[in-house]
Colleague: 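One structure is given below, represented as structure tokens, and several questions about it will come after.
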Amino acid sequence: MTQGRSAILELHQITKAFGGVEALRGVDFALHAGEIHGLVGENGAGKSTLMKIIAGVHPEFSGRFMLDGKETRFRSTRDAHAAGIGMVHQELSVAPDLTVAENVFLGNQPTNRLGFVQWRRMAREAGEQLARFGIDVDPMTRLGDLPIGLQQLIEIARVLFSGARIIILDEPTSALSPPEVERLFATLHKLRDEGTSIVFISHFIEDILRVSDVVTVFRNGRKIAETASADTTKGALIEAMIGRGGEALEHSYTDDLMLPQSSAGAAVLKVDQLSLRRSLQDVSFEARSGEVLGIYGFMGCGQLELSRILFGKLRPDGGTLAVDGAAKRFRSTAAARRAGVALVPESRRAMLFHQEPVYKNISISILERISALLLKPVRERAIAQRQVEQLQIRPPVVGLDLGMLSGGNQQKVALAKWLAYPPRVLVLCEPTRGMDVGAKNDVINIVRDLRAKGLAIIVLSTEPETVLSLADRILVLKRGAVVREFAGEAVSKDRLLEAA
Amino acid sequence: MASSDGATARADHQRSRGLAPFLRSQMRNIAPFLTLIFLSGFFAIASPSFATIDNVGNILTQVSVTGIIAVGLTFVILCAEIDLSIASIANVTGIAVAYFTLQESYVNIANVPMPGIVAILLALALCALLGLVNALGLTMIGIPSFIMTLAMMQIAAGVSALLVRGQIAYKVPPLITTLGSGSIGGIPWIVIVAAVMLLGGHLVLTYTRFGRYVYMVGGNREAAEFAGLNVKLILGSVMVISAVCSGIGGMLGVAHFGSAQQNEFDTYLLDSIAAVVVGGTSLFGGRGGIGNTIVGLFVLGVLNNGLDHVNIDSFLKILIRGLILLAALIINVYAQRLREQAAD
Ligand SMILES: Nc1ncnc2c1ncn2[C@@H]1O[C@H](COP(=O)(O)OP(=O)(O)O)[C@@H](O)[C@H]1O
Ligand SMILES: [Mg+2]
């Protein structure tokens with residue numbers, strides 16, 4: 001349906017680097033009127049960067065930018081906005097402290113002649129718009145009080161109804177439920193038929209195939225392929241996304257990998273029918289002693305929430321959790337720790353004390369055991385020193401402020417904290433994210449050591465490589481539900497992506 | 001001054017990286033100390049009556065009640081919370097202890113006389129209870145401490161008003177009278193109590209597990225929770241500690257002033273916060289300690305006392321105090337930023 005019409009947006013040979021990292025290398029991209037253009041590619045392929053260039057977020061780049069056949073250069077998002085381009089960013093960019101109505105009208109609230117905001121009119125119109133989109137909320141509630149999925153829907157609604165003629169949606173469905181996704185797709189089709197051009201980025205390849213007219217595949221900052229959706233398949237797209245052989249610096253996990261036949265011990269942690277509003281549905285599994293259980297899924301699939309529930313930071317709406325056969329309802333993270341469950345979260349800010357010395361970061365988990373009332377600094381340091389040596393943390397100075405260590409070494413300190421404890425169940429979120437190859441290998445070896453010691457380990461990651469390099473058994477989580485288990489069978493990156 | 005046993009090791013290491021970064025990271029400890037030396041020097045030169053043994057004793061006595069209250073407040077601010085109800089709780093506790101003591105017949109208060117020790121225990125229970133309400137509001141309901149303790153400020157003032165109904169009570173139990181206004185060997189008991197409480201606070205913060213937890217929760221609350229600390233319990237505890245310290249300050253204060261009445265402690269709210277913050281304890285939590293609070297107390301004490309010794313417009317004094325407080329706040333925020341840069 002795009003044949004014959006000229007492109008309203010044309011990009012030629014776009015190159016963009018962040019410091020030394022080339023995010024985009026000579027990309028051509030064209031968008032036609034009344035077209036839904038799907039974009040797929042692995043994390044880091046450059047999809048968001050290209051879209052941010054179109055939306056005026058990155059004014060610095062090389063290459064030609066043509067809008068309506070005229071060479072254009074946006075200096076800011078404001079320019080892009082004025083040219084009729086609206087974008088829903090991958091990272092939620094709402095104002096949680098403003099009301100729903102204010103968020104819907106962000107930047108262009110209706111005002112009267114004196115410049116006062118017309119609150120009643122704004123609330124009414126916001127309510128009408130959202131209702132058209134099937135969202136039933138009071139426009140005067142604080143946005144931050146709503147669940148994440150609903151916040152995301154409201155942000156999408158804001159852009160869809162802003163009157164923009166080019167709409168970019170960067171992974172908008174990660175936190176949406178199936179009926180919400182349906183409503184979104186219906187609205188997208190309607191807007192397309194009215195002549196709006198839409199770019200739709202998603203990890204859910206079935207969605208891309210269903211909703212878009214054309215699909216473009218990115219890999220490593222390059223455009224690899226562009227085809228009509230009708231002419232391609234999920235398998236072909238995945239293959240184009242991850243590539244075969246050749247470029248692999250590290251193990252690329254494109255080939256089949258045999259998961260071991262179960263040699264694991266007894267179930268230590270048992271989770272049954274766990275559910276959390278909008279995030280998890282009837283999740284059941286067990287983690288066994290001497291086994292690494294990998295849980296893979298796209299961003300927003302419910303992993304984060306699951307890890308928080310296991311560690312007592314979130315309370316589930318339903319379902320049960322048992323450690324060594326005893327049912328538990330953790331009322332705090334302290335209760336989870338005492339029951340033998342430990343968590344290393346995905347963000348270093350959340351897991352460590354950057355202004356405190358290394359040894360205090362490590363000993364915090366065991367203070368309760370080594371000191372009844374008074375601290376025992378000598379013992380604390382000795383225990384920390386042992387961990388630092390075992391994990392080869394550099395520099396091996398326990399009195400040094402943590403903030404002075406490199407990221408990889410900080411991550412090791414976060415592990416060291418729990419190795420000193422040690423727990424029965426260790427939950428690791430994105431344990432190797434952002435690490436160089438050497439540090440990654442160190443972490444992999446540490447995890448294998450712990451497994452040999454009989455810990456039950458759960459690794460949650462959105463990176464297939466991480467799960468494949470660590471796990472003995474893999475669960476795939478999709479929109480809050482376990483959709484597939486790989487155990488004692490062949491698995492590979494495309495099989496994981498296929499299942500998710 | 002430094003607040004923790006790791007400080008020496010850290011200092012050693014940082015010194016080896018050069019003096020400038022070390023000084024920068026220690027700015028919050030150094031700046032208040034320099035201020036104290038500067039102010040003392042200034043007043044000593046400006047007024048012959050300032051630098052005398054007698055006057056040092058005056059200063060110590062003048063900062064005692066603030067010091068007792070500031071012990072608990074230091075715990076709260078180290079956790080990156082605030083307690084605005086300290087002065088009100090001090091007031092109501094002082095009034096309560098008098099309420100439970102037999103007053104002279106001309107005092108027109110429907111008081112309920114009890115034996116001295118019972119009166120003291122009841123008053124302590126009252127302030128602990130009010131602290132517990134603060135703690136529950138903060139941790140269970142999730143009301144920000146700023147708002148919760150603002151409400152408590154009113155509640156405590158309300159209870160005070162109901163107890164004294166605009167009257168003044170004079171009598172408190174003998175033990176309180178002695179501690180508040182007596183002295184031993186020429187040293188006022190109230191100074192001794194303040195010193196003991198400050199020392200106790202320092203020991204708890206530096207050498208106990210609880211003290212470590214306070215610093216950790218203040219340094220990074222999220223990380224503390226992810227380390228499996230019971231953050232709510234720790235936050236709740238510091239609110240109760242703060243209220244009890246205020247209560248003790250209030251009882252001794254009433255004995256010190258010789259009367260118990262409404263709004264008697266109003267100035268102590270700002271004075272206590274100022275002492276903690278001027279001393280260099282970070283408003284963002286996790287940095288500082290009782291050592292800093294002691295320096296802060298002396299800065300305020302020397303300033304208030306010194307201004308009385310030099311000839312200066314008494315209205316100008318208020319402005320000067322405000323400016324000093326502003327300078328301390330700027331240093332406080334700036335020191336935090338320098339430290340963060342040093343850690344990067
Ligand atoms: N603001 C930025 N600063 C530095 N590097 C960036 C920035 N944004 C993206 N990158 C890098 O550019 C590459 C492409 O990222 P991105 O466009 O977000 O990929 P995608 O959206 O396809 O997952 C990645 O290597 C990423 O780390
Ligand atoms: Mg992206």
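First the proteins, then the strands, lettered A, B, ... as listed; each starts at 1. All of these numbers come straight from a predicted model, not from anything done at the bench. Hydrogens, waters and symmetry mates play no part in the numbers below; they use all other heavy atoms, side chains included.
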Colleague: With a 4.5 angstrom heavy-atom cut-off, could you sort out which part of A:Ser371 is near chain B: side chain, backbone, both or neither?
Modeller: both
Colleague: Heavy-atom distances under 4.5 Å only: say whether A:Arg338 touches chain B with side chain, backbone, both or neither.
Modeller: neither
Colleague: Set out, in order, the CA-CA distance, both residues' side-chain angles and the distance that settles salt bridge (Lys or Arg N to Asp or Glu O under 4.0 Å) for A:Glu305 and A:Arg315, then state yes or no.
Modeller: CA-CA 10 Å; A:Glu305 291 80 0; A:Arg315 267 168 276 309; over 6 Å; no
Colleague: Can a donor-acceptor pair be found between the side chains of B:Asn134 and B:Ser85 at a distance below 3.5 Å?
Modeller: yes
Colleague: Give, as side chain, backbone, both or neither, the part of A:Ala414 having an atom under 4.5 angstrom from any heavy atom of chain B.
Modeller: neither
Colleague: Counting heavy-atom pairs under 4.5 Å with chain A, which one of B:Glu222, B:Lys232, B:Arg221 comes out on top?
Modeller: B:Glu222
Colleague: Please determine, among A:Asn361, A:Leu374, A:Leu367, the option with the most heavy-atom pairs under 4.5 Å with chain B.
Modeller: A:Leu367
Colleague: Could you look at A:Ser363 and say if it's the side chain, the backbone, both or neither that has a heavy atom under 4.5 Å from chain B?
Modeller: side chain
Colleague: When rounded to the nearest 0.5 angstrom, what distance separates CG in A:Leu293 from CG in A:Leu428?
Modeller: 11.5 Å
Colleague: Under 4.0 Å between a side-chain nitrogen and a carboxylate oxygen: does that hold for A:Glu380 and B:Arg212?
Modeller: yes
Colleague: With a 3.5 Å distance limit and no angle check, can you tell me whether A:Lys376 reaches the backbone of A:Ile370 through a side-chain donor-acceptor pair?
Modeller: yes
